[in-house]
Structure formats: C-alpha cells, structure tokens
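These notes concern the structure reproduced below.
Both counts, for ligands and for their atoms, begin at 1 and track the order of listing. Along the sequence shown, residues are numbered consecutively beginning with 1.
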Amino acid sequence: MDIQTIGIVGAGQMGNGIAHVMALAGYEVMLTDVSAEALENAMKIVEGNMARQAGRGKITDEEMVEAMKRIGTTTTLTDLGKSDLIIEAATERETVKQAIFEDLLPSLKPETILTSNTSSISITRLASRTDRPERFMGFHFMNPVPVMQLVELIRGIATNEETYAACNAVVEKLGKTAAAAEDFPAFIVNRILMPMINEAVYTLYEGVGNVKSIDSSMKLGANHPMGPLELADFIGLDTCLAIMNVLHDGLADTKYRPCPLLTKYVEAGWLGRKTQRGFYDYRGDTPTPTR
Ligand code: NAD
C-alpha cells in the first residue's frame, strides 16, 4: 500500500516531532489533539525546529515553507479518517489510547493502517479492540524525533506482512533505520533503558549519590551523552513511571518495581522539562539539581 497521508493523534513532544519529519519527507499530515493550545504550541515548535535546521543548512528555506504547508491541525479526531496511516502519539495511558481508536474507527477507510507510538503498551491488546488487528502495529519513534535515527517497528500477533512492509517503507522514506521488535512489554530500547533510569533514581533515593554525581558518573564513567536523571527529565517522569509499571505488571518480576521517589516526583507534578521541574529545575538560566 502506498502511503501518502498521515494522521497524527497527540501534539505533544512526540506528535510534533513526528509531524515535522513526515512533512519534510513529503507526506500530507493532519495533527490532532484534545487541546487547541497543544496544537498551537506544536506548530510553533515545528516551525522553530525547522528554522534551526534551515539555519544550519540541513534543509533549504523552500523545503521548510513547503513542509509547513503540508501540516494541518484539527481538534476533531474524525478529521483524520481519510488518512492512509494513523500514528497515535497521545498520553501513555491504555484507556486513553483505546478510546482514541474506538472513536476513530467509524470514520476510517477500510485500508487505513493504525499504529501507536506507545513506549510500552501491548500492541496486540490495543489491536484486538479494533476492527483491523491485521492492519495494526507499533510505530515507535525516539525522542527528539528529528534527530534520532531509530524507529522500532512492532508486530502484534495478528499484524500482516503488507502492513509491516508499508510502515517499513515509510521509515525508509524518512531516511531512518527500523529495528523489528516483538510485542513484549517496552519492546527493545525501553526494556533496557528504563530499568537503568529507574536504578539511577534508586541510587538517588538511597543516598548513594546526588543528582549531579549520578549524572556525572554515567556521563564521564560510562561515556553516556546525557546522565540518566537528565535523560529522565527529557523523556518525562510520568512516561518513565508508566513504562516501569508496564514492565512490572507485564513481566511480573520485582526487578522492575518503580522507585518510590520516581512516583513521588510524578505525584508532585514535577514531570521534568515539560513542566519546568523534575530532577532538575529549569526555571532559571541553567538547570539546577532539585536534590
Ligand atoms: P506529551 O505529554 O508531550 O503529549 C501527549 C499529548 O497527547 C498531549 O498534548 C495531550 O493533550 C494529548 N492527548 C491526550 N489525550 C488525547 C486524546 N484523547 N486525543 C488527542 N490527544 C490527546 O507526551 P509524549 O512524550 O509526546 O508521548 C506521547 C506518546 O509517545 C506516549 O505513548 C509515549 O509513551 C510515547 N513516546 C514518548 C517518548 C518520549 O521520550 N517522551 C519517546 C517515544 C515514545
């Protein structure tokens, strides 16, 4: 199936990044969110990020203008019905995602492929609640989308080869690299990454180190480009906690128990960069550790 139009649900940090790369690759994009403010914000971010790319000579001014014209926004979910491919990138909560697919189904073309950018939720279970489990799969981008090379493509039990091939062709057109992952909790990248971040929070919780020493240790001692706590703030602490809960519930192993301190930060609404406070406070000129 030749994909030309793409509907993106959720205009948060992932949704705006996905809209950005799809529009630059020549796809017609329709972006939706329950919040009109989130949509407005997303368009500003995409424009700012494309302007930065143009400034560095990575794209031309004309490519930017053309790409921006290809992105439409709407707060009406069913406006996405005519899309060839839907990428759901809303909040990491299964009930939210289920409701989105349920509401979308009546307006979809029979051949539309449904995908989710979920970091951890079962693709097979999400697919089973739709009318097209064979045309449903995981399309998992990394953050920030315009920069990161990898896309995990996750087959649910029922996903057919035509659907996989169509999504793989989209990844190739984006100039990114696909990694095929089986549908087990958190797939490949987050199965490995999140327990490390959670362990960093335990290291903080138990007083083995403070925010600065933990991040410096992993940057200078393990050559990681970002410290694990800095990275957690970047991803969003609510997303990190949600992924740990999926690993804990899905694999039924206590080694995945979320650190109580991570839960505490989320309860405080200190979700990282997106709320200006997490393991660091971003309200000043330079991020300062909160512990
Ligand atoms: P975010 O909080 O930045 O954005 C989520 C957006 O979804 C918000 O704008 C919210 O208004 C919108 N939303 C909520 N309910 C909705 C609904 N019913 N209909 C339409 N929009 C709705 O979150 P994010 O970081 O962009 O994450 C989105 C998805 O991408 C999650 O599934 C997450 O696991 C996944 N993901 C996140 C990262 C990351 O690093 N943050 C990386 C890969 C994948």
Open item on the list: List ligand 1 atoms under 4.0 Å from Thr239, heavy atoms only on the residue side.
Closed with: 34 (O)
Open item on the list: For Phe141 and Phe139, take the angle between the two ring planes, folded into 0 to 90°, and tell me which bin it lands in: parallel under 30, tilted 30 to 60, perpendicular over 60.
Closed with: parallel
Open item on the list: I'd like to know if Glu47 and Lys44 make a salt bridge, using a cut-off of under 4.0 Å between side-chain N and carboxylate O.
Closed with: no
Open item on the list: Is Ala89 close enough to touch ligand 1? Criterion: a residue heavy atom under 4.0 Å from a ligand atom.
Closed with: yes
Open item on the list: Can a donor-acceptor pair be found, under 3.5 Å and without considering hydrogens, that links the side chain of Asp33 to the backbone of Leu39?
Closed with: no
Task: Enumerated ligand 1 atoms positioned under 4.0 Å from heavy atoms of Lys97 - done: 31 (C), 32 (O)
TODO: Indicate whether any N or O donor in one side chain lies under 3.5 Å from an N or O acceptor in the other, for Glu92 and Thr118.
DONE: yes
Task: Atoms in ligand 1 with a heavy atom of Phe141 nearer than 4.0 Å - done: 42 (C), 43 (C), 44 (C)
Open item on the list: For atom 4 (O) of ligand 1, what is the closest protein heavy atom, and at what distance to 0.1 Å?
Closed with: Gly12 CA, 3.2 Å
- [ ] Measure from NZ or CZ of Lys212 to the centre of the six-membered ring of Phe279 and say whether it is under 6.0 Å with the direction within 45° of the ring axis.
- [x] no
- [ ] Return the set of residues passing side-chain contact (heavy atoms from CB on, under 4.5 Å) with Thr91 (not counting sequence neighbours), or none when no residue passes.
- [x] Arg93
Task: Identity and separation of the nearest protein heavy atom to atom 3 (O) of ligand 1 - done: Gln13 N, 3.1 Å
Task: Heavy-atom nearest neighbour in the protein, as seen from atom 14 (C) of ligand 1, with distance rounded to 0.1 Å - done: Thr91 OG1, 3.2 Å
Task: Residue among Asp233, Thr290, Asp238 satisfying side chain to side chain donor-acceptor pair (under 3.5 Å) with Tyr265 - done: Thr290
- [ ] Tell me which part of Asp238 gets within contact of ligand 1: side chain, backbone, both or neither, using heavy atoms under 4.0 Å.
- [x] neither
- [ ] Please determine if Glu161 and Arg155 form a salt bridge, counting it only when a charged side-chain N lies under 4.0 Å from a carboxylate O.
- [x] yes
Open item on the list: Main chain of Thr32, side chain of Thr74: is a donor-acceptor contact present, judged purely on distance under 3.5 Å?
Closed with: no
TODO: For atom CG of Asp131, decide whether the heavy atoms of other residues, nucleotides or ligands shown that lie under 6.0 angstrom number more than 12.
DONE: yes
TODO: Note the single closest protein heavy atom to atom 16 (C) of ligand 1, along with its residue, its atom name and the distance in Å.
DONE: Val34 CG2, 3.8 Å
TODO: Starting from atom 9 (O) of ligand 1, find the nearest protein heavy-atom neighbour and note its residue, name and distance.
DONE: Asp33 OD2, 2.7 Å
- [ ] Please could you name the atoms of ligand 1 that Ser119 approaches to less than 4.0 Å, counting only its heavy atoms?
- [x] 33 (C), 34 (O), 35 (C), 36 (N), 37 (C), 43 (C), 44 (C)
Task: N or O pair under 3.5 Å between Ile235 and ligand 1 - done: yes
- [ ] Taking only heavy atoms of Val96 into account, list the atoms of ligand 1 that are under 4.0 Å away from them.
- [x] 15 (N)
Task: For atom 27 (O) of ligand 1, the protein heavy atom that lies nearest, with its residue and separation - done: Met14 CG, 3.8 Å
Open item on the list: Which of the numbered atoms in ligand 1 are under 4.0 angstrom from any heavy atom belonging to Thr118?
Closed with: 32 (O)
Open item on the list: I want to confirm something. Looking only at heavy atoms, which of Glu88, His140, Lys274, Glu92 is nearest to atom 23 (O) of ligand 1?
Closed with: Lys274
Task: Nearest protein heavy atom with distance in Å, relative to atom 30 (O) of ligand 1 - done: Asn117 ND2, 2.9 Å
TODO: For the pair Asn198 (side chain) and Arg257 (backbone), establish whether a donor and an acceptor sit closer than 3.5 Å, ignoring hydrogens and angles.
DONE: yes
TODO: Output the list of atoms in ligand 1 that are nearer than 4.0 Å to some heavy atom of Asn143, sorted by atom number.
DONE: 39 (C), 40 (O), 41 (N)
Open item on the list: Keeping Thr5 on the side-chain end and Asp84 on the backbone end, is there a donor-acceptor pair under 3.5 Å?
Closed with: yes
Open item on the list: Please check this pair: side chain of Ser120 against backbone of Asn190, looking for a donor-acceptor N/O pair closer than 3.5 Å.
Closed with: no
Task: Residue portion contacting ligand 1 (non-hydrogen atoms closer than 4.0 Å) for Ile100 - done: side chain
Open item on the list: Considering non-hydrogen atoms of the protein only, which is the closest contact for atom 31 (C) of ligand 1, and what is the distance?
Closed with: Ala90 O, 3.2 Å
Task: Atoms in ligand 1 flagged as close to Ala38, the criterion being non-hydrogen separation under 4.0 Å - done: 9 (O)
